[in-house]
Amino acid sequence: MTTLRDIFFTFVKVGAFTFGGGYAMLPIIQKEVVARGWITDREVADYYALSQCLPGMIAVNTAAFIGHKVRGKAGGVAACLGVVTPSFLIITIIAAFINNALEFVPVQRALFGISAVVCALIAHAVIRLWKTAVKDVFGLCVYALTLILALFFNLPIAGLLVGALSLGIAADLYRGKGGGAR
């Protein structure tokens with residue numbers, strides 16, 4: 001049985017090595033929790049999508065869902081505390097010892113390098129999510145439409161998610177899988 005300590009320290013590792021926010025953490029979460037058998041790739045994608053719809057940080061929301069799945073409410077709390085602890089400690093240290101850190105050339109160079117890595121991690125997450133989420137022509141069309149609307153019309157993410165949800169429900173009802181509509 002997975003202990004609360006295991007959950008906490010797994011998410012400490014996720015939080016410690018995630019630079020660039022929730023999108024960059026997805027491949028790390030997949031590697032850590034799917035390899036342990038806590039959840040499946042499909043569940044990661046579902047929790048991640050749901051986390052984007054909810055207020056708050058994607059990383060914390062996703063951690064809460066996974067922790068709750070593994071060990072209930074206490075697991076959700078352990079995962080949330082684990083994922084925020086590294087950031088809290090790093091920010092506290094920076095705030096205490098470094099004034100105007102962004103003016104230092106080494107810090108600027110480090111952030112430039114981290115930005116490149118974040119782009120690669122996001123690309124990796126997109127590829128893994130693609131394999132899980134886009135399974136047919138309908139999924140490809142919803143993906144393409146959402147991408148176009150996001151890139152060229154700068155629509156809010158929540159609106160895009162609600163629109164995609166509506167399309168998915170409508171397609172499900174049309175196919176005759178909607179609850180009792182056969």
Side-chain angles (χ1 to χ4, degrees), residues 1-98 101-102 107 110-111 113-133 146-147 150 154-165 168:
M1 181 170 179
T2 303
T3 66
L4 295 175
R5 182 177 179 205
D6 291 337
I7 294 170
F8 176 81
F9 283 110
T10 297
F11 281 95
V12 165
K13 184 191 284 188
V14 170
F17 295 103
T18 299
F19 295 92
Y23 297 108
M25 81 180 284
L26 185 60
I28 298 170
I29 285 179
Q30 286 177 315
K31 181 179 182 282
E32 293 298 323
V33 300
V34 172
R36 285 176 170 76
W38 293 352
I39 61 173
T40 66
D41 277 326
R42 181 72 207 165
E43 288 172 314
V44 170
D46 291 344
Y47 291 154
Y48 199 72
L50 185 57
S51 294
Q52 291 181 29
C53 298
L54 298 173
M57 297 182 294
I58 295 170
V60 175
N61 293 344
T62 305
F65 284 127
I66 294 169
H68 186 270
K69 166 95 189 306
V70 177
R71 283 291 309 269
K73 290 178 185 174
V77 170
C80 288
L81 290 174
V83 82
V84 300
T85 296
S87 297
F88 176 77
L89 294 175
I90 291 168
I91 289 170
T92 302
I93 291 167
I94 289 172
F97 296 109
I98 299 179
L102 295 177
V107 172
L111 291 174
I114 289 170
S115 296
V117 171
V118 167
C119 289
L121 290 173
I122 291 171
H124 180 264
V126 167
I127 291 167
R128 288 199 68 173
L129 281 173
W130 176 277
K131 292 176 183 176
T132 305
T146 304
L147 181 64
N154 199 26
L155 296 175
I157 291 175
L160 294 171
L161 288 169
V162 168
L165 173 70

Problem set entry | Backbone of G67 reached by a side-chain donor or acceptor of R71 within 3.5 Å | no
Seminar exercise, completed: The reported gap from CD1 in I29 to OG1 in T10 (rounded to nearest 0.5 angstrom) is 11.0 Å
Problem set entry | Partner set under side chain to side chain donor-acceptor pair (under 3.5 Å) for D6, not counting sequence neighbours | T3
Exercise. What's the spacing between K31 NZ and H124 NE2 if we round to 0.5 Å?
Worked result: 10.5 Å
Exercise. Do you know the tightest heavy-atom contact between A79 and A63?
Worked result: CB-O, 3.1 Å
Exercise. If you round to the nearest 0.5 Å, how far is OH of Y48 from CZ of R128?
Worked result: 13.0 Å
Problem set entry | Which residues share a side chain to side chain donor-acceptor pair (under 3.5 Å) with S51, sequence neighbours left out | T62
Problem set entry | Pairs touching residues 51-86 that satisfy ring-ring contact (aromatic ring centres under 6.0 Å, His included), sequence neighbours left out | Y47-F65
Seminar exercise, completed: Those residues at least two apart in sequence (or on a different chain) that pass side-chain contact (heavy atoms from CB on, under 4.5 Å) with T40 are R42, E43
Exercise. How about L89: does its CG atom have over 12 heavy atoms from other parts shown lying under 6.0 Å from it?
Worked result: yes
For this session: List for me each residue that meets side chain to side chain donor-acceptor pair (under 3.5 Å) alongside T2, sequence neighbours excluded, and say none if there are none.
Result: W38
For this session: First locate atom CG of L129, then atom CG of D41, and finally report the distance between them rounded to the nearest 0.5 Å.
Result: 9.0 Å
Exercise. Can you tell me how far the CG atom of L160 sits from the CD atom of Q52, to the nearest 0.5 Å?
Worked result: 10.5 Å
Exercise. If you round to the nearest 0.5 Å, how far is CD1 of I7 from NZ of K69?
Worked result: 12.0 Å
For this session: With the side chain counted from C-beta on, respond yes when F11 and V33 share a heavy-atom pair under 4.5 Å apart, and no when they do not.
Result: yes
Problem set entry | Those residues that, when tested against K131, pass side chain to side chain donor-acceptor pair (under 3.5 Å) (two or more places apart) | none
For this session: Considering non-hydrogen atoms only, spot the tightest contact between P27 and L121 and give its length.
Result: CG-O, 3.5 Å
